[in-house]
Enquirer: 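What follows is a single structure, and I will ask about it in a moment.
Below, chains carry the letters A, B, ... as their sequence lines are ordered, and counting in each starts from 1.
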Amino acid sequence: MAEIQDLPKAYEASAIEDKMYAEWEASGVFNPDKLPDRNQKGEPYCIMMPPPNRTGTLHMGHAMGMAVQDLLIRFERMRGKKALWVPGTDHAAIATQVKVEQLLIKEGMKDPRKELGREKFLERVVQFADESRNTIVNQTRKMGSSCDWSRERYTFDKERNAAVYQLFKMMYEDGLIERGYRIVNWDPQFQTTLSDDEVQTKDVTTKLLTFTYDKDFPIAISTTRPESKFGDTAVAVHPNDERYKKFIGQTFEPVFCGKKLSIQIVGDEAVDPAFGTGALGVTPAHSMIDADIAQRHNLKTVPVIGKDAKMLPECGPEFAGLSIEETRAKVEKTLSEAGLLKSVEEVQQALPIAERGGAPVEQLPMEQWFVRVNKPFTLRQDTLRKPSDSFFGKLFGTGTGWKKGEQVTLKQLMMTAVESGQTRIIPEQFEKIYFHWINNLRDWCISRQIWFGHRIPVWYRGSEMKVSDVSPGEGWEQDPDTLDTWFSSGSWTFSALGWPDQKEWEAHRAYHPTAVLETGKDILFFWIARMVLMSTYALGEVPFKDAYLHGLVRDEQGRKMSKSLGNILDPLELIPKYGTDAVRLSLLIGNTPGQDTKLSEQKIEGYRNFTNKLWNISRFILMQMGDEAQQAKGAETLADRWILARLSEVSSSVTKKLETYQFSAAGEELRDFTWNDLADWYLEIAKVEKGKAEILKTLLQSVLKMWHPFMPFVTEYVWGLAKFDGKLIVAEWPDPLVLPLAKGETKEGVSEFESLRQLVTDMRRLRAENGVEPAKQVEFVVVGAHMSALIEQNNAWIMRLVNGSCISVSSIPDGYAVTPSGKATIGLNLAGAVDLEKEKAKLTKELEQLQKYVASTEAKLANAEFTSKAPEKVIADMKAKLAEAQEKVKTIEARL
RNA sequence: GGAUGUUUAGCUCAGUUGGUUAGAGCGCACCGUUCACAUCGGUGAGGUCGCAGGUUCGAAUCCUGCAACAUCCACCA
């Protein structure tokens, strides 16, 4: 095999990756309909790719997601499932619009939306989004993602728009979508509402003013937002507060900074009498908390801040049109001059700001569309019911869900999906966070005043209103608002499978609920919860069986990767440098689900080294397979039995770990097996013991298969070089039971070889610990420094040295070793002696503990302290253990 | 303020129902290597498992309290 010899010593990733990906794609295996028969008969297995936002390029977090999903899909495909991975992108409404707006401003426009108008502006956004899509698709391919491009979806394409319309219509008819005048989060910068989740907070220092509205007002109040006080309609106090009790029910008409107010004094439990003055100025128009109080006491709502974050004319000519900052200063000055200001205090406050853009968010009352999460509605179908799976469900007929026609709220559906275990969140601890979030969920404001997004399918003509996806006719105008981006991505698992189009949906029905949703933990609420909502509502089933959450990818110091810190690791720069396989390994191994990961270039370099190690292992095995000496039928030696037993062990363990999302542990185990057992021991032995071609082939095949989901490129490439059957991507996952080993041999082979390995290690240690006679020491030094394998040959044991010479070790059981020349005798019995001392000490300690255990257990038995366990059995177990320990000690003592 | 995590070797982290001598990778020190691989091999040093109690024959693991850090939620006007 001359060609094998000519292969480069170092693996050259970039030379093969693109070609390899093109080959896979051309072979059609990414499409489940074109998979081999074995998979056609297999169970459907589907992953929906979380569609990346069309806002630019992919980052390390995406790369991690892709690596995990591709690992799962390749693993299940090899296991014979009908595996479908649907790729796609998200229009991301506000995020994309904001991005484009910022770009246009950079290009010199002052107010792009005004300058271009709705149509022209949207053209620019669409153009940007399309370019972004191309970049994302390219990067996804570079990562080696084996997703079905023939089924690529977009959250803003025609079919997904049909799903959005269908859902809106259903929810509207069920009374779950409503228009209402309520307080919403308003972003003055981008002139749109925001959901609670799109609002973040920033710690700032601000002034806490304590004052009275005017000199005749009897109660002082405190505020950090003096500008909003023009809209106060009440002062709330605790109903039992002795200071203010007498005022409750009265109405005052103070003049605040020139504006006449009407202030009712109300008693409300929500007020903390210990904070500030114990009295709260209620501003129903600009605080959600105050709006709640206002609702309880039927208070009027008076807006005083406009959409542009400037004061409204209601505040009087002196203040109208002023900014919030200006108003604050002026109010403070006015109060101070009038002698109404009691105190000014610096306090820490969390200022709400917009997630995109960062402008302070105002709370304003507006007419908007809402999804009612707490409103009961009549179920259209049995929902979340799986009676066959549940013993109690069958027994009581209740199942873990609701029946058609029952009254239920969306919130209850979201709870049940996870409570019943029909959707599992991995790691489990996130279930608690999920429940907590659902419990505190408020109605979801779904209308946005931005232009890029699914238009709200509602039409108006005068006072008439109709829900429709097309114009109902002459004179009808569509609602100018668009839908929150999560309204469309909430239906992703089923809209991407064709719902509500009957033909498409039926063709893909078997893939839903999808197997697993893999995404970042930061997106639990935004997305996961909303997918559960949409899917349980529309289909009556969960969107996915498992939600696997990965942590954030941080830099080596644990900081978030960001442009301003300049610590971004870009997958597109790393892949040409280290190879996709190395980048994937560094994202898959060495981290824990749900826990943030620190990534450094050094780590990727380490996995590049491993990729190269696997390459060289393969190269060596390929050479051996072509070597005539290796072709001879090898007797199954101890080493053979050992390595095959290990392989069997490892493959079953790795399979189990991958099934339970323990990717890191699986990878580590595989790495240890590949590097330590296979390369460092078995391959060294194969240099001396010949006739191993068959076993080497088995080993190489199995190792390539198991590594394939982790590092698809190098494994598939070697598979091709070895001329193994077909493509590795559709090869059968190794089954630990088919290895050519009798059961009895497995353990024996392993333990025997392990004990020899231990012996070698002991000898190395002894060389250091015990001074050996000079004549012998020479040999020992050689042994310790060079020996790389222990092998069986002609009924003798041979230690092979890297420099080519061998030492024959005879009579291992008796503990002697002799070199071929017979010059040096190694006192292995000494090794035994040293170990025996330690062993004895350890066992003696264990024995003492067990004796105490016996004593305490017997005492408990006498006092009848046992409640559950059968005492006889406990005592018997314990005594057996004790006897075992005593036996061991005796054996050791005899040998000493 | 509430919730959820984290705290194990110099660094990054494993450690699955409590049970031999607490592990790995990187880094470090020393030794070595022409024929699979210096993107290599061998040997070694390095840990009171955050702190304080408790349960147990036995605790990194279970319980209680404390501390530090992180994230999320709610924010006191």
Side-chain angles (χ1 to χ4, degrees), chain A residues 4-5 7 9-11 196 201 208 210 221-225 228-229 235-236 270-272 274-283 287 289-290 293 347 349-350 352 427 429-430 432-433 435-437 440 521-522 524-525 551-552 556 558 578 582 589-592 594-600 602-603 605-624 657 660 662 664-665 668-669 671-672 675 679-680 683-684 687 761 764-765 767-768 781 784-788 802-804 838-839 841-843 845-846 848-857 878 881:
Chain A
I4 301 293
Q5 310 280 3
L7 292 172
K9 282 187 172 191
Y11 171 63
D196 289 350
T201 54
L208 178 69
T210 303
I221 57 165
S222 299
T223 186
T224 52
R225 301 211 50 190
S228 72
K229 297 289 109 181
V235 163
V271 179
D272 176 5
F275 185 86
T277 62
L280 164 65
V282 182
T283 323
S287 157
I289 304 268
D290 292 7
I293 296 176
V347 291
Q349 197 205 16
Q429 73 237 24
F430 283 95
K432 288 183 205 162
I433 302 177
F435 291 137
H436 185 254
W437 185 81
N440 294 306
K521 66 171 184 184
D522 50 331
L524 179 64
F525 309 135
L552 264 57
E556 48 198 317
Y578 300 104
I589 302 181
N591 57 49
T592 318
Q595 217 74 274
D596 290 354
T597 310
K598 288 175 192 165
L599 184 69
S600 61
Q602 195 194 24
K603 186 175 172 188
E605 203 181 310
Y607 286 107
R608 191 268 322 263
N609 294 355
F610 178 70
T611 319
N612 191 57
K613 185 72 184 181
L614 185 66
W615 169 250
N616 275 297
I617 288 169
S618 306
R619 214 155 59 90
F620 176 73
I621 293 183
L622 291 180
M623 286 178 198
Q624 297 302 310
K657 281 172 174 157
T660 51
Q662 300 180 67
S664 183
E668 280 172 62
E669 181 163 4
R671 182 196 55 202
D672 292 347
W675 210 319
D680 292 346
L683 294 188
E684 289 303 326
K687 288 174 182 171
T761 312
R764 289 169 181 166
R765 185 170 47 75
R767 171 178 61 86
V781 169
H786 297 252
M787 188 183 54
S788 58
V802 168
N803 66 11
K838 280 191 182 169
E839 184 82 6
K842 195 180 74 197
L843 278 171
K845 197 178 154 200
E846 195 183 321
E848 275 169 25
Q849 285 181 355
L850 281 170
Q851 273 158 353
K852 277 191 208 162
Y853 183 23
V854 173
S856 73
T857 311
M878 197 171 61
K881 271 190 177 178

Enquirer: Distance check needed: B:G41 C1' versus A:Leu683 CG, whole Å only.
Expert: 13 Å

Enquirer: Applying the Watson-Crick and G-U wobble criteria at under 3.5 Å, what pairs with B:A24? Answer none if nothing qualifies.
Expert: B:U12

Enquirer: In whole angstrom, give the distance that lies between atom CG of A:Leu622 and atom C1' of B:C35.
Expert: 17 Å

Enquirer: Does B:C13 have OP1 or OP2 under 4.0 Å away from a side-chain N or O of A:Lys598?
Expert: yes

Enquirer: Among all residues two or more places apart in sequence or in another chain, which pass the ring-ring contact (aromatic ring centres under 6.0 Å, His included) test with A:Tyr607?
Expert: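 Testing A:Tyr607 for ring-ring contact (aromatic ring centres under 6.0 Å, His included), a comparison that skips the adjacent residues, returns none.
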
Enquirer: Using a cut-off of less than 4.0 Å, is there contact between a side-chain N or O of A:Trp675 and OP1 or OP2 of B:G41?
Expert: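 Result: yes.
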
Enquirer: Which part of the nucleic acid, if any, lies within contact of A:Thr224, taking any heavy atom under 4.0 Å across all strands shown: a base, the sugar-phosphate backbone alone, or nothing?
Expert: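 Sugar-phosphate contact only.
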
Enquirer: Applying side-chain hydrogen bond (donor to acceptor under 3.5 Å, both in side chains), can you list everything that pairs with A:Asp196, at least two apart in sequence or on another chain?
Expert: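 So A:Asp196 forms a side-chain hydrogen bond (donor to acceptor under 3.5 Å, both in side chains) with A:Asn185.
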
Enquirer: Between the side-chain atoms of A:Lys613 and the base atoms of B:C37, is any donor-acceptor pair under 3.5 Å?
Expert: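 Such a pair exists between side chain and base.
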
Enquirer: Look at the side chain of A:Arg608 and decide which nucleotide, out of B:U39, B:G41, B:C75, has an atom nearest to it.
Expert: B:U39

Enquirer: Across all strands, who's sitting opposite B:A52 as a Watson-Crick or G-U wobble pair, both distances under 3.5 Å?
Expert: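 B:U64 - that is the nucleotide pairing with B:A52, both distances being under 3.5 Å.
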
Enquirer: Between P on B:A70 and CG on A:Asp522, what's the gap in Å once rounded to a whole number?
Expert: 18 Å

Enquirer: Listed by chain and number, what are the side-chain hydrogen bond (donor to acceptor under 3.5 Å, both in side chains) partners of A:Glu668, not counting sequence neighbours?
Expert: A:Ser664

Enquirer: So do A:Ile221 and A:Lys229 actually touch side chain to side chain, heavy atoms under 4.5 Å?
Expert: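 A:Lys229 vs A:Ile221: side chains touch.
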
Enquirer: Test of understanding: with ring-ring contact (aromatic ring centres under 6.0 Å, His included), list the residues that count as partners of A:Phe610, not counting sequence neighbours.
Expert: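 A:Phe610 satisfies ring-ring contact (aromatic ring centres under 6.0 Å, His included) with A:Trp675, A:Trp707 once adjacent residues are dropped.
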
Enquirer: Which part of the nucleic acid, if any, lies within contact of A:Gln602, taking any heavy atom under 4.0 Å across all strands shown: a base, the sugar-phosphate backbone alone, or nothing?
Expert: sugar-phosphate

Enquirer: From B:C75, B:A77, B:A36, pick the nucleotide closest to the side chain of A:Gln349?
Expert: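 From the listed options, B:A77 comes nearest.
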
Enquirer: Is it true that the side chains of A:Gln662 and A:Thr660 contain a donor and an acceptor less than 3.5 Å apart?
Expert: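 Yes.
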
Enquirer: Identify, between A:Lys521 and A:Arg671, the residue whose nearest nucleotide on RNA chain B lies closer to the 5' end.
Expert: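 Here A:Arg671 is the residue nearer the 5' end.
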
Enquirer: Which nucleotide in the list B:C75, B:U39, B:G25 gets nearest to the side chain of A:Ile289?
Expert: B:C75

Enquirer: Can you name the side-chain contact (heavy atoms from CB on, under 4.5 Å) partners of A:Gln595, sequence neighbours left out?
Expert: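 A:Thr592.
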
Enquirer: Show each protein N/O and nucleotides 2-10 of chain B N/O combination with a separation under 3.5 Å, one pair to a line.
Expert:
unit_1: B:G5; atom_1: OP1; unit_2: A:Lys432; atom_2: NZ; d: 3.0
unit_1: B:G5; atom_1: O2'; unit_2: A:Gln595; atom_2: OE1; d: 3.3

Enquirer: May I ask you to say what A:Glu605 touches in the nucleic acid, namely base, sugar-phosphate or nothing, with a heavy-atom cut-off under 4.0 Å?
Expert: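 If one applies the 4.0 Å heavy-atom cut-off, A:Glu605 turns out to touch nothing in the nucleic acid.
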
